[in-house]
Amino acid sequence: DTGVSQDPRHKITKRGQNVTFRCDPISEHNRLYWYRQTLGQGPEFLTYFQNEAQLEKSRLLSDRFSAERPKGSFSTLEIQRTEQGDSAMYLCASSLLGNAEAFFGQGTRLTVV
Amino acid sequence: AQSVTQLGSHVSVSEGALVLLRCNYSSSVPPYLFWYVQYPNQGLQLLLKYTTGATLVKGINGFEAEFKKSETSFHLTKPSAHMSDAAEYFCAVSDGNRDDKIIFGKGTRLHILP
């Protein structure tokens with residue numbers, strides 16, 4: 001078990017471009033979460049899945065953001081038409097339903113220029 | 001809806017002194033409570049968690065926290081600070097009834113003075 005892995009670790013993109021991040025959770029973890037963290041702030045909840053079902057998406061989240069977990073294993077987070085305000089660390093976490101302990105990946109740092 | 005308030009965005013303690021990081025939560029249902037630590041340029045790591053049972057929970061690296069329902073608090077303590085404890089600490093809460101998403105506080109940066 002290698003833990004939660006995220007790819008890429010760093011992404012620099014021009015404003016207006018689309019970006020996609022990938023998260024591979026710990027195998028057999030049925031819950032998968034996406035968070036965003038900016039400097040000096042705590043992780044902000046974006047969305048989460050149980051298996052392939054997206055259970056909740058933050059109401060503060062722009063329609064430019066979409067996430068999928070098609071086979072209940074890895075997940076992707078796509079940001080369309082990126083803006084400078086999207087620059088942040090995007091964190092993925094996974095857990096086993098009933099365990100209440102989420103394991104975090106190292107994150108993907110996005111810089112929009 | 002759950003929420004967490006961490007009192008003090010920065011806390012400084014001398015090496016060997018008591019560490020106390022304050023966390024108050026809001027929840028209309030029985031909460032699960034967590035403390036996570038984040039070292040520079042690293043991911044979040046779970047220090048300890050409270051779900052049910054004993055209200056004093058012990059975690060890694062000598063940290064412990066006590067769930068006090070009457071005060072809606074879950075303060076983190078360590079008897080003697082070490083230089084290696086310098087990091088960002090996050091208190092978090094989730095809905096215990098639904099084993100729901102985890103909501104984080106804004107964090108407290110702990111500085112250890114030599």
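Lettering of chains follows the sequences in order, A, B, ..., and the numbering in each one begins at 1.
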Are [X] and [Y] linked, directly or through other ILVMFWY residues, by side chains that come within less than 4.5 angstrom of each other?
{"X": "F104(A)", "Y": "I60(B)", "value": "yes"}
{"X": "F90(B)", "Y": "W34(A)", "value": "no"}
{"X": "L91(A)", "Y": "Y39(B)", "value": "yes"}

So, for Y33(A) and K101(B), which heavy atoms are closest and what is the spacing to 0.1 Å? CE2-CA, 3.9 Å
Of all heavy-atom pairs between Q38(B) and Q37(A), which one has the smallest distance, and what is that distance? OE1-NE2, 3.1 Å
Options A102(A), A93(A), P43(A), S95(A), ranked by heavy-atom pairs under 4.5 Å with chain B, top entry: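 Sorted descending by pairs with chain B, the first entry is P43(A).
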Tell me, out of G105(A), G107(A), G42(A), who's got the most heavy-atom pairs with chain B below 4.5 Å.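 Between G105(A), G107(A), G42(A), the count favours G42(A).
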Heavy-atom contact with chain B under 4.5 Å, split by part of [X]:
{"X": "E44(A)", "value": "neither"}
{"X": "R109(A)", "value": "neither"}
{"X": "L55(A)", "value": "neither"}

Interatomic distance, [X] atom [atom1] to [Y] atom [atom2] [nearest 0.5 angstrom]:
{"X": "F104(B)", "Y": "F45(A)", "atom1": "CZ", "atom2": "CZ", "result": "11.5 Å"}
{"X": "F103(A)", "Y": "Q45(B)", "atom1": "CZ", "atom2": "CD", "result": "10.0 Å"}
{"X": "R31(A)", "Y": "D100(B)", "atom1": "CZ", "atom2": "CG", "result": "6.5 Å"}
{"X": "Q41(A)", "Y": "E88(B)", "atom1": "CD", "atom2": "CD", "result": "9.5 Å"}

I'd like to know if the side chain of Y48(A) and the backbone of I102(B) have a donor-acceptor N/O pair within less than 3.5 Å. no
Contact class of K49(B) relative to chain A, heavy atoms under 4.5 angstrom: side chain
Relative to chain A, which segment of T51(B) carries a heavy atom at a distance below 4.5 Å: side chain, backbone, both, or neither?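 Contact with chain A involves the side chain of T51(B) alone.
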Any chance CD of E56(A) has more than 12 other-residue heavy atoms, nucleotides or ligands included, within less than 6.0 Å?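 Result for CD/E56(A): enclosed.
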Please output the residues of residues 64-73 of chain B in contact with chain A, using a heavy-atom cutoff of under 4.5 Å, in numerical order. none
